[in-house]
Visitor: 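Here's a structure for you.
Naming convention: chains lettered A, B, ... in sequence-line order (proteins, then strands); numbering from 1 in each chain. Not measured: the values here are computed from a predicted model.
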2 protein chains.
Amino acid sequence: MKVYKIPEATVMRLSIYSRYLMQMQEKGIETISSGEIAAGVGVGSAQVRKDLAYFGEFGTRGVGYKVSELYGHLIKILGLNKTWNVIIIGAGKLGSALALYRGFNDRGFKVCAILDNNPDIIGKKLTDITIEPLEVMKDRISQHDIKIGIITVPAQAAQEVTDKLVQSGVKAILNFSPEVLRVPAGVTLRHVDLSVNLEVLSFNLSFNN
Amino acid sequence: MKVYKIPEATVMRLSIYSRYLMQMQEKGIETISSGEIAAGVGVGSAQVRKDLAYFGEFGTRGVGYKVSELYGHLIKILGLNKTWNVIIIGAGKLGSALALYRGFNDRGFKVCAILDNNPDIIGKKLTDITIEPLEVMKDRISQHDIKIGIITVPAQAAQEVTDKLVQSGVKAILNFSPEVLRVPAGVTLRHVDLSVNLEVLSFNLSFNN
DNA sequence: GACTGTGAAGCCATTCACAGCT
DNA sequence: AGCTGTGAATGGCTTCACAGTC
């Protein structure tokens, strides 16, 4: 375990392996090989073993991996052996949809607050949380010890919101706005660019015929 | 008929460059250098030039690029010089949010149909389109010559819906469900895995301290 | 002097292939 | 015999550095 930098692609695959293992566990499967995991998630078996090798030796030669054990390791590696409180900024359609997305809860992410600056929707309830104004950002973040923020505001507001989140102590940001954001060192940023994803499809359709 | 293989990362950046150029154009800027584009979107200037070099020589040495001209080239490269009709399968919160997402319309994607199998929401109107049952899939796809499908159904329904889309003539799929999908050769697939994105953040928060 | 276009170098992730265990 | 773990080979994207052009 003498590793500095883990490839991001590896981390994403670990997340996918862990979900696959959860399914296998529910099916009652107790032992699994790298080849079976690979077939299940659409990668090569050497890739699976290499990804795991960054973090230790979890298998038994000649046998494979114990599903529950490997799953436990992956959950710990991914930091999912605790609940992460999350704040969403932007309570439009997309922000509201994410706030109610079950997939987050299932994996240990809890949306504790959703903020917006539109007076027309402030006060509206989404199941158990209420849309609040941006002013409460700092309070909610320290109150719930929030480390992760999700941005679903329009492009022109995104950098300002980002700065406020960072200033309030958030350490990781998932950006759904179509804007390239800057964060200081020490803050992790990921960009889910919806239009870019469709445009890659458009490119492939246009270019390959 | 692939000529050269274009890295996917390049295509994604081209999409981002094009959006940045649109902004610069609106600001009235007529000429721009690779270094300015690079600074604007957070990459290196050599990267910008290499990305463009896959498709031709668009600049003038010693000067830079004409914004409107380069923008036009990128739009054509990305296949955005036409309108793409899109179908969404799954009219839950996320599917509805995507159906109403302005960013798609702004870039030439038109959501023509949104389907679901839940009788409680079939018939509901989202602005100008109405939620319809899955049975109309094939009709809508041929009627609007739809090549792109977006999947926002639960995991357990995703592969079945994918197969139906492919069978109905869709050639590109954007998958928002947390499920690894299989498509035949000739169909492009992209996966936007919301949980994976949060889990990468969780990993970074856990691992780097 | 400034900036593009590009071969070469560097770097990083993936795949191969096999030694090592069970 | 079967499967993991891993050094070596491969392949591919990014960065460098500079010749070419305005």
Side-chain angles (χ1 to χ4, degrees), chain A residues 1-17 20-21 24 29-71 73-74 77 180 196 200 203 207, chain B residues 2-17 20-21 24 29-71 73-74 77 196 200 203 207:
Chain A
M1 286 221 261
K2 53 135 207 151
V3 176
Y4 253 175
K5 225 261 168 189
I6 311 295
E8 183 170 287
T10 289
V11 179
M12 296 179 73
R13 283 190 298 266
L14 291 178
S15 167
I16 292 172
Y17 302 158
Y20 183 70
L21 288 171
M24 293 306 103
I29 293 168
E30 293 184 352
T31 299
I32 198 165
S33 69
S34 61
E36 289 168 317
I37 298 173
V41 304
V43 302
S45 67
Q47 183 78 82
V48 173
R49 295 195 301 275
K50 254 280 147 58
D51 287 337
L52 298 176
Y54 280 106
F55 300 95
E57 306 190 4
F58 305 124
T60 309
R61 291 168 195 233
V63 180
Y65 305 89
K66 193 155 179 297
V67 172
S68 63
E69 209 177 86
L70 182 55
Y71 177 73
H73 282 299
L74 290 181
I77 290 166
V180 177
V196 165
V200 173
F203 172 83
F207 196 71
Chain B
K2 291 203 177 173
V3 187
Y4 289 105
K5 173 90 171 57
I6 311 294
E8 182 170 286
T10 289
V11 179
M12 295 180 73
R13 284 190 298 267
L14 290 178
S15 167
I16 292 174
Y17 302 159
Y20 182 70
L21 289 171
M24 293 305 104
I29 292 167
E30 293 184 351
T31 300
I32 200 165
S33 69
S34 61
E36 289 169 316
I37 298 173
V41 305
V43 302
S45 67
Q47 183 77 83
V48 173
R49 295 196 299 279
K50 254 285 152 46
D51 287 338
L52 298 176
Y54 281 105
F55 302 95
E57 305 190 6
F58 305 124
T60 309
R61 290 167 196 235
V63 180
Y65 305 88
K66 194 155 179 297
V67 172
S68 63
E69 208 177 86
L70 182 56
Y71 177 71
H73 282 299
L74 291 182
I77 290 166
V196 166
V200 173
F203 171 83
F207 196 70

Visitor: Which whole-number value in Å describes the distance from B:Arg13 CZ to D:dT14 C1'?
Guide: 8 Å
Visitor: How long is the line joining CD1 of A:Ile37 and P of D:dC3, in whole Å?
Guide: 13 Å
Visitor: List in chain and number order the residues that pass ring-ring contact (aromatic ring centres under 6.0 Å, His included) with A:Tyr20, two or more places apart in sequence or in another chain; answer none if no residue qualifies.
Guide: none
Visitor: Tell me which pairs pass salt bridge (Lys or Arg N to Asp or Glu O under 4.0 Å) where either residue lies in residues 39-65 of chain B, with sequence neighbours left out.
Guide: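 Pairs touching residues 39-65 of chain B that pass the test: B:Arg13-B:Asp51.
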Visitor: Which comes earlier along DNA chain C counting from the 5' end, the contact point of A:Arg61 or that of A:Pro7, where each point is its nearest nucleotide?
Guide: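 Comparing both residues, the 5'-ward one is A:Pro7.
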Visitor: Using a strict heavy-atom distance below 4.0 Å, which residues from residues 41-60 of chain B are in contact with DNA chain C?
Guide: B:Arg49, B:Lys50, B:Glu57, B:Phe58, B:Gly59, B:Thr60
Visitor: Report the residues that fulfil side-chain hydrogen bond (donor to acceptor under 3.5 Å, both in side chains) with A:Thr31, sequence neighbours left out, ordered by chain and then residue number.
Guide: none
Visitor: Taking all non-hydrogen atoms of both residues, which atom of A:Ile77 and which atom of B:Phe203 are closest, and how far apart?
Guide: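 In this case the closest contact between A:Ile77 and B:Phe203 is O-CD1, 3.3 Å.
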Visitor: Got a sec, which residues hit side-chain hydrogen bond (donor to acceptor under 3.5 Å, both in side chains) with B:Ser68, two or more places apart in sequence or on another chain?
Guide: B:Lys66
Visitor: Please determine if a side-chain N or O atom of A:Tyr65 lies less than 4.0 Å away from the OP1 or OP2 oxygen of D:dG5.
Guide: yes
Visitor: How many Å lie between CD1 on B:Ile6 and P on D:dG12, as a whole number?
Guide: 13 Å
Visitor: Checking B:Phe58 now: which residues fulfil ring-ring contact (aromatic ring centres under 6.0 Å, His included) with it, not counting sequence neighbours?
Guide: B:His73
Visitor: Could you list where the contact with chain B starts and ends along DNA chain C, reading 5' to 3', using a 4.0 Å heavy-atom cut-off?
Guide: C:dA2 to C:dA8
Visitor: Only counting residues at least two apart or in another chain, list the ones meeting side-chain hydrogen bond (donor to acceptor under 3.5 Å, both in side chains) with B:Glu30.
Guide: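 side-chain hydrogen bond (donor to acceptor under 3.5 Å, both in side chains) list for B:Glu30, sorted by chain: empty.
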Visitor: For B:Glu8, check side-chain hydrogen bond (donor to acceptor under 3.5 Å, both in side chains) against everything at least two apart and list the hits.
Guide: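 Partners of B:Glu8 under the side-chain hydrogen bond (donor to acceptor under 3.5 Å, both in side chains) test: B:Arg190.
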